[in-house]
Structure formats: structure tokens, C-alpha cells
Trainee: 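Below is one structure. I have some questions about it.
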Amino acid sequence: QVQLVESGGGLVQAGGSLRLSCAANGRTFSTYDHGWFRQAPGKDREFVAAVRWREGSTYYADSVKGRFTISRDNAKNTVYLQMNSLKPEDTAVYYCAAGQAIGVLTSTLEYGYWGQGTQVTVSS
């Protein structure tokens, strides 16, 4: 089983930045597609960003495009989400995911492995 562990969440003021990390075990980590999702209280889990392992193509939700950046460090088996210009509406639990996707990377159904989540709170 692939195990994912998120870190880097916390409390930050609006306009600030955070970098989330998702560390994974397994020597085949680099062959997986990776995504970041978030879930606020009372809301569905929503897509944030993803990267396809083969081409390295990245995808972003419209709400975070231009502010967030997803990246990978295959040597460290780690995926990052750099979050800049944070807004209060970014407040949520953020989850990293990994899988061998068949379809679009924006769907939670494409990922078989999930981290435990890390809380991000943005105050105004």
C-alpha cells in the first residue's frame, strides 16, 4: 500500500503563503499521478491541483490558478503545493492523493491513495 503524509498546514493571515508537502513511501511513487484536494466544513471535497507523472502536465482549479503551484521532487518521493496570496476562502483541510489515473485528474475517483489531511486556516 502507498502511504501519504501531508504536512505544512497552519494558520496564516490573508495574503500570506504556505507550502504543503506530501511525502510518500514506495519506490514507484514517481510513476503515480498526484493531486491536491481540499474540503471545507459543510462542503464537498474539491479539486485544487494535479500533476501527471508521465508528461509532468499540471492542472489547477480556476479558484487557485495563478496563486498555487504543484511540484514534485521524485528523489524525495514528495509532492508540494506552494500557496501564495492566500484568501480566507482557501480555509480547508487539504488532502494529497496518488493514483494511476485513467481519466481526468480533477476527479477524486482517479486516485486510490489519500493522505490524512492537513488544516489550512487563513484569517483576515
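What's counted below: heavy atoms across the whole structure, side chains too, no hydrogens, waters or symmetry copies. Quick note: residue numbers are just sequence positions, from 1. Since the structure is predicted, the reported quantities are computational estimates derived from the model, not experimental observations.
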Trainee: Using a 4.5 Å cut-off on heavy atoms from C-beta on, say whether the side chain of Leu4 contacts that of Cys96.
Mentor: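 Yes, at least one pair of side-chain atoms sits under 4.5 Å.
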Trainee: Do Tyr80 and Thr69 come close enough that some side-chain heavy atom pair is under 4.5 Å?
Mentor: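 Counting from C-beta outward, Tyr80 and Thr69 never come under 4.5 Å.
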Trainee: Can you tell if the side chain of Val79 reaches within under 4.5 Å of the side chain of Trp36, non-hydrogen atoms only?
Mentor: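 Touching, per the 4.5 Å side-chain cut-off.
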Trainee: Side chain to side chain donor-acceptor pair (under 3.5 Å) with Gln82: which residues, sequence neighbours excluded?
Mentor: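 In terms of side chain to side chain donor-acceptor pair (under 3.5 Å), with neighbours along the sequence ignored, Gln82 is linked to Asn84.
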Trainee: Can you see which heavy atom on Thr91 is nearest to which on Val122, and at what distance?
Mentor: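 Result for this residue pair: OG1-N, 2.9 Å.
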Trainee: Decide yes or no for Thr108 and Phe47: does some side-chain heavy atom of the first lie under 4.5 Å from some side-chain heavy atom of the second?
Mentor: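 Contact flag for Thr108/Phe47 side chains = no.
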Trainee: Considering residues at least two apart in sequence or located in another chain, which fulfil the side chain to side chain donor-acceptor pair (under 3.5 Å) criterion with Arg19?
Mentor: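 Testing Arg19 for side chain to side chain donor-acceptor pair (under 3.5 Å), a comparison that skips the adjacent residues, returns none.
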Trainee: Would you name the heavy atoms of Asn25 and Asn77 that are closest together and state the gap between them?
Mentor: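 Shortest heavy-atom separation between Asn25 and Asn77 comes out as C-ND2, 4.4 Å.
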Trainee: Do Ser21 and Lys76 have side chains that approach each other closer than 4.5 Å (heavy atoms only, starting at C-beta)?
Mentor: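 Sidechains of Lys76 and Ser21: no contact.
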Trainee: Can Tyr60 be reached from Val51 by stepping across I, L, V, M, F, W or Y side chains whose heavy atoms are under 4.5 Å apart?
Mentor: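 Val51 and Tyr60: one cluster.
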Trainee: May I ask you to check whether over 12 heavy atoms, not counting those of Glu55, lie within 6.0 Å of atom CD?
Mentor: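 Correct, the count exceeds 12.
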Trainee: Would you say Glu46's side chain and Arg38's backbone share a donor-acceptor pair under 3.5 angstrom?
Mentor: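 Side chain of Glu46 to backbone of Arg38, a donor-acceptor pair under 3.5 Å: no, none is there.
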Trainee: Considering residues at least two apart in sequence or located in another chain, which fulfil the ring-ring contact (aromatic ring centres under 6.0 Å, His included) criterion with Tyr111?
Mentor: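 For Tyr111, the residues satisfying ring-ring contact (aromatic ring centres under 6.0 Å, His included) (neighbours in sequence not counted) are Phe37.
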Trainee: What residues form a side chain to side chain contact (heavy atoms under 4.5 Å, CB included) with Val93, not counting sequence neighbours?
Mentor: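 Side chain to side chain contact (heavy atoms under 4.5 Å, CB included) list for Val93, sorted by chain: Tyr95, Gln119.
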Trainee: Can you name the residues that form a side chain to side chain donor-acceptor pair (under 3.5 Å) with Ser107, not counting sequence neighbours?
Mentor: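 For Ser107 there are no side chain to side chain donor-acceptor pair (under 3.5 Å) partners, ignoring immediate neighbours.
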Trainee: For Gly8 versus Leu18, what's the shortest heavy-atom pair and its separation?
Mentor: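 Minimum heavy-atom contact is O-CD2, 3.8 Å.
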Trainee: Kindly compute the distance separating CG (Leu20) from OG1 (Thr78), expressed to the nearest 0.5 Å.
Mentor: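 Going from the CG atom of Leu20 to the OG1 atom of Thr78 covers 12.5 Å.
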Trainee: What's the separation between atom SG in Cys22 and atom CZ in Arg72, rounded to the nearest 0.5 Å?
Mentor: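 One gets 12.5 Å once the value is rounded to the nearest 0.5 Å.
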Trainee: Got a sec, which residues hit side chain to side chain contact (heavy atoms under 4.5 Å, CB included) with Glu89, two or more places apart in sequence or on another chain?
Mentor: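 With sequence neighbours excluded, Glu89 shows a side chain to side chain contact (heavy atoms under 4.5 Å, CB included) to Lys87, given in chain and number order.
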Trainee: For Glu6 and Gln116, indicate whether the former's side chain and the latter's backbone hold a donor-acceptor pair under 3.5 Å.
Mentor: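 Yes, because the side chain of Glu6 sits within donor-acceptor range (under 3.5 Å) of the backbone of Gln116.
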Trainee: Check whether Val48 and Val12 end up in the same hydrophobic cluster, where Ile, Leu, Val, Met, Phe, Trp and Tyr are linked by side-chain heavy atoms less than 4.5 Å apart.
Mentor: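 Hydrophobic grouping puts Val48 with Val12.
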Trainee: Starting at CD1 of Ile102, measure out to CG of Asp33 and round the result to the nearest 0.5 Å.
Mentor: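 Spacing of CD1 (Ile102) from CG (Asp33) equals 9.0 Å.
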Trainee: Side chains of Leu86 and Phe68: does their closest heavy-atom pair fall under 4.5 Å?
Mentor: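 Result yes, sub-4.5 Å side-chain heavy-atom pair found.
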Trainee: For Tyr59 and Ile70, what are the C-alpha separation, side-chain angles and deciding distance, and is it a side-chain contact (heavy atoms from CB on, under 4.5 Å)?
Mentor: CA-CA 9 Å; Tyr59 307 86; Ile70 187 171; over 6 Å; no
Trainee: If every non-hydrogen atom of Met83 is compared with every non-hydrogen atom of Val120, which pair is closest and at what distance?
Mentor: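 It is CE-CG2, 3.9 Å.
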Trainee: Write down the atom of Ala49, the atom of Leu81, and the distance for their closest heavy-atom approach.
Mentor: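 Result for this residue pair: CB-CD1, 4.1 Å.
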Trainee: Can you tell me how far apart CD (Gln100) and CZ (Arg54) are? Round to the nearest 0.5 Å.
Mentor: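 Those atoms lie 13.0 Å apart.
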Trainee: Considering all heavy atoms of both residues, which atom of Asp90 and which atom of Arg67 are nearest to each other, and what is their separation?
Mentor: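 Heavy atoms only, the tightest pair is OD2-NH1, 2.8 Å.
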